Student: 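Below is the structure I would like to discuss, written out as structure tokens.
Values reported hereafter were calculated over all heavy atoms of this structure, with side chains retained and with hydrogens, waters and symmetry mates removed. Letters A, B, ... mirror the listed sequences (proteins, then strands); counts begin at 1. Every value quoted in this text rests on a predicted model; they were computed, and no experiment measured them.
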Amino acid sequence: MNNPYEYKANSMKTSQLLLATTRETPAEAEIISHQLMIRAGMIRRLAGGLYTWLPLGLRVLRKVENIIRQEMDNAGAQEVLMPVVQPAELWEESGRWQQYGAELLRIEDRHQRAFCLGPTHEEVITDLIRKEIRSYKQLPANFYQVQTKFRDEIRPRFGVMRSREFIMKDAYSFHLDRASLEATYQVMYDTYHRIFERMGLNFRAVQADTGSIGGDGSHEFHVLADSGEDAIAFSTGSEFAANVELAEALAPSGTRPAPGLVMTEVATPKTHTIEEVCALLKIDAKQTVKTLLVQGADEAHPVVALVLRGDHEVNDIKVEKLPQIASPMTFASAEQIQQAAGCDAGSIGPVGLTIPLIVDRAAAHLADFVCGANKTGYHLTGVNWERDVAPGLVADIRNVVEGDPSPDGKGTIQIRRGIEVGHIFQLGDKYSKALNANVLNENSRAQILEMGCYGIGVTRVVAAAIEQNHDDTGIMWPDAIAPFQVCIVPMQMHKSPRVKQAAEQLYTELKAKGIEVLFDDRNERPGVMFNDMELIGIPHRIVIGERGLDEGTIEYKHRRDSESQNWAAEGFIEALMAKLV
RNA sequence: CGGGGCAUGGCUCAGCCUGGUAGAGCACCGUCAUGGGGUGGCGGGGGUCGAAGGUUCAAAUCCUUCUGUCCCGACCA
């Protein structure tokens with residue numbers, strides 16, 4: 001490889017390496033990746049949300065960066081490096097100096113000039129491009145960097161998974177028009193797939209909300225792991241994947257059943273929740289309706305009722321998009337509830353309400369359902385839309401649940417948890433317009449640039465990889481990002497010149513082949529060495545001992561194998577090379 | 001920002017209630033044994049008990065303030 005950016009780690013002996021493994025875990029480490037990163041001696045905490053990367057951890061980090069660099073370069077992006085410290089003026093120009101909250105760490109220099117620590121670099125790159133690119137002939141262009149970011153998180157946690165200082169690969173593309181942006185977006189989409197595939201991670205690209213950053217098209221890349229902070233909805237029958245908050249809940253198929261029961265008031269004393277009502281009346285939550293009162297958007301209707309099936313959850317993102325509802329979604333106060341429904345929160349129902357009703361599609365499809373009677377301690381059974389109460393506006397206002405039909409009509413929804421490691425956006429002209437970044441087009445007219453931005457949380461990828469690849473004894477690195485490919489564990493080397501000679505020779509030969517080897521030359525008992533090597537997750541383990549030397553064999557075990565194998569010493573290196581690919 | 005917990009050697013923690021000589025395990029150093037799964041013995045080094053103030057003859061221990069840190073909530077790549 002002649003790539004000047006190529007990161008090639010060296011082979012090492014453990015006696016030369018700060019192998020800072022520990023048996024115990026600090027109390028603050030809650031999730032497995034954080035615990036293992038500390039125990040394996042990859043990171044150490046300096047202060048809240050600030051971590052030092054030890055040699056072993058840094059090797060992994062560099063591997064991840066390296067894969068990203070190679071794939072970004074192959075995709076035609078150019079690497080740059082922008083400052084961490086950024087002048088306030090630029091942020092004032094984009095409007096984010098005011099928009100950003102306390103997460104933006106603001107500082108002053110000795111001349112009392114305002115600066116911030118960059119949580120992201122849209123302003124800086126856009127400033128650069130507006131100065132350097134003047135002609136449409138220079139477009140499209142895509143610039144990326146691997147740089148430290150700082151976000152003053154309210155509550156940093158989970159080690160490097162959510163730290164305040166972290167390393168991010170961020171890329172920004174510039175285009176004359178939308179079509180060009182979309183083409184590059186697609187290239188980045190494919191590039192991200194290659195990057196995470198090369199890292200050996202189980203991931204999904206999911207449709208995402210564009211959030212506060214604005215813009216149209218957006219995908220998040222999630223590494224699947226039970227400890228993930230985000231819930232993702234997948235289809236069992238297609239490639240569909242979306243954030244649970246975003247996935248559309250379709251209306252139930254078929255027509256609503258005809259009313260079969262008479263509406264009846266029943267006493268339900270001291271019941272406040274759907275579960276309590278269901279237990280008392282011996283019914284399924286799916287036959288009930290819950291009514292939530294929230295603040296309305298216009299003064300004529302300060303309170304609006306949301307009606308959902310009893311077993312469903314309201315989705316505030318969907319609700320906030322409705323023009324009738326105040327954003328952010330806010331529940332009505334107890335006084336407002338009394339005023340609008342004349343009862344406590346546990347007994348509200350749609351029947352007889354005079355405020356606007358917004359009914360979820362699933363709730364609107366019910367017949368003979370149970371709901372609150374707007375009379376504290378009473379519910380109604382056998383309620384039916386139209387006959388007993390007008391359904392008002394029917395809309396999608398709930399979270400999808402497992403088993404719902406997929407929004408694309410193929411298969412059903414399955415929900416898994418994921419860790420967001422990448423995010424790609426079609427930004428549009430939000431920043432280019434604010435900073436007046438334009439070029440002359442074919443007609444010699446100034447034209448505002450279209451932008452895309454593409455991030456990968458490099459440090460988070462390392463933690464996510466561990467969340468997905470570990471067992472009871474430690475980390476199980478995918479080969480591509482392991483700190484070392486191979487470890488050599490000699491048995492009683494400090495007593496046996498034969499073992500020492502054989503191990504040293506193998507080490508030298510593997511090194512010469514360009515393989516990253518960790519040679520455990522410590523005078524430790526075998527158990528200690530085995531445990532350490534498994535903890536730090538080296539994929540391929542070679543054990544050299546008197547036993548094998550007598551038999552002409554060398555022991556090999558992959559980190560994921562349950563049993564070791566004895567291979568012939570003759571041709572061992574070739575056999576190992578075949579394993580390494 | 002609201003609520004709660006914690007702060008004692010590098011790490012995990014006991015001691016605090018009921019004030020009176022600072023402890024254990026792990027880690028570290030030396031040494032002997034052991035040598036295919038965190039081995040055992042012996043001997044060591046290391047802590048102004050988060051900080052400041054107060055009460056007391058005497059404070060790790062009681063009181064006050066501050067700081068740090070963790071958890072829950074709101075918020076967020």
Student: Tell whether E524(A) reaches the base of rG38(B) with its side chain through a donor-acceptor pair below 3.5 angstrom.
Tutor: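 No such pair is found, so the answer is no.
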
Student: Is there a donor and acceptor pair closer than 3.5 Å between the side chain of R541(A) and the base of rG36(B)?
Tutor: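 Flag unset: no donor-acceptor pair detected.
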
Student: For rC26(B), take OP1 and OP2 only and decide whether either is under 4.0 Å from a side-chain N or O of R39(A).
Tutor: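 No, because none of the side-chain N or O atoms of R39(A) sits under 4.0 Å from OP1 or OP2 of rC26(B).
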
Student: Does R59(A) make a cation-pi contact with F484(A) (under 6.0 Å, within 45 degrees of the axis)?
Tutor: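 Yes, cation above the ring, under 6.0 Å and within 45°.
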
Student: Decide yes or no, distance alone: a donor-acceptor N/O pair under 3.5 angstrom between the base of rG37(B) and the side-chain of E534(A).
Tutor: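 Answer yes: a donor N or O sits under 3.5 Å from an acceptor.
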
Student: Are K13(A) and E504(A) within salt-bridge range, i.e. N to O under 4.0 Å?
Tutor: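 Counted as a salt bridge, because a side-chain N and a carboxylate O are separated by less than 4.0 Å.
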
Student: Given that both distances must come in under 3.5 Å, which nucleotide forms a Watson-Crick or G-U wobble pair with rA33(B)?
Tutor: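 Check on rA33(B): paired to rU39(B), both distances under 3.5 Å.
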
Student: Just call it for R44(A): base, sugar-phosphate, or nothing, with non-hydrogen atoms closer than 4.0 Å on any strand.
Tutor: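 The answer is nothing, as R44(A) stays clear of every strand by at least 4.0 Å.
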
Student: Of the nucleotides rG38(B), rG36(B), rA77(B), which has the atom closest to the M491(A) side chain?
Tutor: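 Within the option list, the nearest is rG36(B).
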
Student: Would you mind reading off the distance between D230(A) atom CG and rA77(B) atom P, rounded to a whole angstrom?
Tutor: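 About 10 Å, once rounded to whole Å.
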
Student: Contact between F234(A) and L224(A) at the side-chain level, heavy atoms closer than 4.5 Å - yes or no?
Tutor: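 Side chain of F234(A) against side chain of L224(A), heavy atoms only: contact under 4.5 Å found.
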
Student: Centroid separation under 6.0 Å, is that true for the rings of F221(A) and Y192(A)?
Tutor: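 Centroid separation for Y192(A) and F221(A): below 6.0 Å.
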
Student: Could you check whether K149(A) gets within reach of a base, just the sugar-phosphate, or nothing at all, counting any heavy atom under 4.0 Å?
Tutor: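 K149(A): no heavy atom of the nucleic acid under 4.0 Å.
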
Student: Salt bridge check: are R96(A) and E123(A) linked by an N-O gap of less than 4.0 Å?
Tutor: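 Counted as a salt bridge, because a side-chain N and a carboxylate O are separated by less than 4.0 Å.
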
Student: Could you state the atom-to-atom distance from CD of E153(A) to C1' of rC76(B) in whole Å?
Tutor: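 Going from E153(A) (CD) to rC76(B) (C1'), I get 6 Å.
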
Student: Is it true that the NZ or CZ of R106(A) lies under 6.0 Å from the centre of W97(A)'s six-membered ring and within 45 degrees of the ring axis?
Tutor: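 R106(A) over W97(A) ring: yes.
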
Student: Taking only the side-chain heavy atoms of Q492(A) (C-beta and beyond), determine which of rA77(B), rC26(B), rG35(B) contains the nearest atom.
Tutor: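 The nucleotide sitting nearest to the side chain is rG35(B).
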
Student: Nearest of rC70(B), rG38(B), rA77(B) to any side-chain atom of E30(A)?
Tutor: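 Nearest listed nucleotide: rC70(B).
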
Student: When only distance counts, do a donor and an acceptor, one from the side chain of N523(A) and one from the base of rG35(B), lie under 3.5 Å apart?
Tutor: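 Check passes, donor-acceptor contact within cut-off.
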
Student: Considering only atom C1', compute the distance from rG68(B) to rA59(B) and round it to an integer number of Å.
Tutor: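 That atom pair is separated by 22 Å.
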
Student: Can you check the L18(A) CG to rC28(B) C1' distance for me, whole Å?
Tutor: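 In whole Å, rC28(B) C1' and L18(A) CG are 14 Å from each other.
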
Student: Among rA77(B), rG37(B), rC71(B), which nucleotide has an atom closest to any side-chain atom of F166(A)?
Tutor: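 Closest of the options to the side chain of F166(A): rA77(B).
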
Student: Please work out if D170(A) contacts a base, only the sugar-phosphate, or nothing of the nucleic acid, heavy-atom cut-off 4.0 Å.
Tutor: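 Here D170(A) touches no strand at all.
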
Student: Round to the nearest Å and state the distance from M529(A) atom CE to rU39(B) atom P.
Tutor: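 It is 13 Å, rounded to the nearest whole Å.
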
Student: Map P156(A) and E555(A) onto RNA chain B by nearest heavy atom, then report which one ends up closer to the 5' terminus.
Tutor: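 Nearest-nucleotide comparison on RNA chain B picks E555(A).
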
Student: Taking the minimum atom-to-atom distance to the side chain of N531(A), which one of rU69(B), rG38(B), rG36(B) wins?
Tutor: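 Of the candidates, rG38(B) comes closest.
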
Student: T21(A) has a side chain; which of rU69(B), rC75(B), rG38(B) sits nearest to it?
Tutor: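 The answer is rG38(B).
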
Student: Compare the minimum distances between each of rG36(B), rG35(B), rG25(B) and the side chain of E24(A), then state the nucleotide with the smallest one.
Tutor: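 Of the options given, the side chain of E24(A) lies nearest rG25(B).
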
Student: Using a cut-off of 4.0 Å on non-hydrogen atoms, how would the nucleic acid contact of E103(A) be classed: base, sugar-phosphate, or nothing?
Tutor: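 Sugar-phosphate: the residue E103(A), judged by heavy atoms under 4.0 Å, touches backbone atoms but no base.
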
Student: Identify whether any heavy atom of G545(A) sits under 4.0 Å from a base atom; if not, whether one sits that close to sugar-phosphate; answer base, sugar-phosphate or nothing.
Tutor: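 Base, at least one base atom sits under 4.0 Å.
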
Student: Any Lys/Arg nitrogen of K149(A) or D170(A) sitting under 4.0 Å from an Asp/Glu carboxylate oxygen of the other?
Tutor: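 Yes, charged N to carboxylate O under 4.0 Å.
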
Student: Using a heavy-atom cut-off of under 4.0 Å over every strand shown, decide if V543(A) touches base, sugar-phosphate, or nothing.
Tutor: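 Base: the residue V543(A), judged by heavy atoms under 4.0 Å, touches a nucleobase.
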
Student: Taking the nucleotide of RNA chain B with the nearest heavy atom to each, does A47(A) or G457(A) sit closer to the 5' end?
Tutor: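 The residue whose closest nucleotide sits nearer the 5' end is A47(A).
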
Student: rC76(B) base to R162(A) side chain: any donor-acceptor pair below 3.5 Å?
Tutor: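 In this structure, the two groups form a donor-acceptor pair.
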
Student: When you measure from the side chain of F530(A), which nucleotide among rC26(B), rG37(B), rC75(B) comes out closest?
Tutor: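 Nucleotide nearest to F530(A)'s side chain: rG37(B).
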
Student: Determine the contact category for E420(A): base if any of its heavy atoms lies under 4.0 Å from a base atom, sugar-phosphate if only primed atoms, P, OP1 or OP2 are that close, otherwise nothing.
Tutor: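 Result for E420(A) = sugar-phosphate.
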
Student: Donor-acceptor pair under 3.5 Å: do we get one between R525(A)'s side chain and the base of rU34(B)?
Tutor: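 Indeed there is one.
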
